[in-house]
**Q** 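Before anything else, here's the structure in question.
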Amino acid sequence: MIMDEVIKKINESLNIGITYHISPDGDALGSALALLIGLKKYGKNVYIISKDIVSDDMGYLPCSSEVNGFQVTPKEDTDLVIVVDCGNLERISADLSNYSGTIINIDHHLSNDEYGNINYIDVNAAATAEIIYSLLKTMNIIINKDIATCLYTSLVTDTGSFRFSNVTKRSHEIAGELIELGIDNSSIHSEIFDNKPLNSLKILGEILKNIKVFFNGKVSYLELTKDICDDCEDVSDVVNYGLKIKGVEVAVFIKEIKDGVKVSLRSKHDFDVRKVAEVFGGGGHTKASGITFRNKTIQDVKELILTSIENELV
Ligand code: 5GP
Ligand code: MN
């Protein structure tokens, strides 16, 4: 089994780096830090490799200070790099260009390039943290309150607070066990969601003011241009508002970023947004995916995405 291969490789390694996808979300950070704490307890020299720093709202995560943004390459003598919650090599928040050791890829994205030497992909896991939970359990690493806080954060983030269709009985069972370990689930929720800078709500207001719908109300469209906010951080969940409208099946959010345009796609029922994302080199899940365009204007990207969605609408 693939789990055994992962454990065998971990057992054979002493110095282990852990990383995730760029702009890490709650699942990426929660999974990585849960694994970090777990493997430390297991006796490994383990550390985080990350080009990113932790966003303010994730600062409560245990060991978040170990994500410093300085360690961007594997340290010398690293035997193993474990990448969590990342579907493609290009999106890893680490520079692995001079690293020739083993890579383990642990992920739940349907779009996954299997770039690792060992690839543990479970698309039925609502969050990568569900896989990390199983891994720690199988390795007999006791899940303490710190690990539980990390894993619960991942679950909450990737399930939209347990409301998305990726949620299974198992997601709730794991969450139940984590709560039993004494985590403050309500506080974790508040840390994640009730902790925004005032300005990010004002920006949200600006974006929502200009929401549009297309194709008989089936597609909603939101955008954030640089003139409203340059280098805005805390707007990642804006796209979910687009799905709240009655009759909308697909929500599109396009944001101008430093060197291009970032697209977030979400769907409510059967529409596969991953398919649309993959056409343009992006990826993700059936109901949540993303694309990054370089050298294109927001107007061009809007055109391309809306046309592509229109062609897929039945
Ligand atoms: P979000 O819209 O929240 O940034 O991302 C939604 C999902 O799409 C996540 O699972 C994320 O991994 C994936 N995703 C977002 N942006 C990109 C991208 O530029 N390329 C790829 N391959 N996947 C992306
Ligand atoms: Mn995830």
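Note that the structure is predicted; figures quoted are calculated from it, not measured. Just follow the structure's listing: the first ligand is 1, and inside any ligand the first atom is 1.
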**Q** On the 0 to 90° scale, with breaks at 30° and 60°, tag the Y221-F214 ring pair as parallel, tilted or perpendicular.
**A** perpendicular
**Q** Among all protein heavy atoms, pick the one closest to atom 9 (C) of ligand 1 and tell me residue, atom and distance.
**A** H109 NE2, 3.9 Å
**Q** Between K268 and L243, what is the shortest heavy-atom contact and its length?
**A** CE-O, 2.9 Å
**Q** So, is H109 placed with an N/O/S atom under 2.8 Å from the Mn ion (ligand 2), counting both backbone and side chain?
**A** no
**Q** Side chains of N195 and D57: is there a donor and an acceptor less than 3.5 Å apart?
**A** no
**Q** Salt-bridge test for E249 and R266: reply yes if a basic N is under 4.0 Å from a carboxylate O, no otherwise.
**A** no
**Q** Just jot down the ligand 1 atoms closer than 4.0 angstrom to any heavy atom of G282, in number order.
**A** 20 (N), 21 (C), 22 (N)
**Q** Heavy atom of S289 under 4.0 Å from ligand 1?
**A** yes
**Q** Measure the distance from atom 19 (O) of ligand 1 to every protein heavy atom, then report the residue, atom name and distance (to 0.1 Å) of the closest one.
**A** T292 OG1, 2.7 Å
**Q** Specify the protein heavy atom at minimum distance from atom 11 (C) of ligand 1: its residue, its atom name, and the distance to 0.1 Å.
**A** R91 NH2, 3.6 Å
**Q** How close does the nearest protein non-hydrogen atom get to atom 15 (C) of ligand 1, and which residue and atom is it?
**A** G290 CA, 3.4 Å
**Q** What residue and atom, counting heavy atoms only, is the protein's closest point to atom 6 (C) of ligand 1, and at what distance?
**A** R266 NH1, 3.6 Å
**Q** As an exercise, state the distance from NZ of K9 to CG of D4, rounded to the nearest 0.5 Å.
**A** 15.0 Å
**Q** Below 4.0 angstrom, N of the basic side chain to O of the carboxylate: do E312 and K275 qualify?
**A** yes
**Q** What is the name of the N/O/S atom of D158 that is nearest to the Mn ion (ligand 2)?
**A** OD2
**Q** Find all atoms of ligand 1 within a distance of less than 4.0 Å from any non-hydrogen atom belonging to S264, and give their numbers and elements.
**A** 1 (P), 2 (O), 4 (O)
**Q** Does A288 come within less than 4.0 angstrom of ligand 1, counting non-hydrogen atoms of the residue?
**A** yes
**Q** Kindly compute the distance separating CD1 (I49) from CG (N68), expressed to the nearest 0.5 Å.
**A** 11.5 Å
**Q** Could you tell me which atoms of ligand 1, counted from 1 in the order shown, lie closer than 4.0 angstrom to a heavy atom of N88?
**A** 22 (N)
**Q** On the 0 to 90° scale, with breaks at 30° and 60°, tag the H21-H109 ring pair as parallel, tilted or perpendicular.
**A** perpendicular
**Q** Could you list the atoms of ligand 1 found under 4.0 angstrom from a heavy atom of G284?
**A** 8 (O), 13 (C)
**Q** Around atom 13 (C) of ligand 1, find the nearest protein heavy atom and jot down its residue, atom name and distance.
**A** G283 O, 3.4 Å
**Q** Specify whether an N/O/S atom of D27 falls short of 2.8 Å from the Mn ion (ligand 2).
**A** yes
**Q** For ligand 1, which atoms sit closer than 4.0 Å to a heavy atom of H285?
**A** 10 (O)
**Q** Would N15 and D77 count as having a side-chain donor-acceptor pair, cut-off 3.5 Å?
**A** no
**Q** Is it the case that the side chains of E5 and Y120 hold a donor-acceptor pair, with the cut-off being a distance below 3.5 Å and no angle test?
**A** no
**Q** Looking only at the side chains, is there a donor atom on one of S267 and R274 sitting less than 3.5 Å from an acceptor on the other?
**A** no
**Q** With the Mn ion (ligand 2) as the reference point, give the N/O/S atom of D85 that is nearest.
**A** OD1
**Q** Out of E278, H21, R274, K262, who is nearest to atom 16 (N) of ligand 1 when you count heavy atoms only?
**A** K262
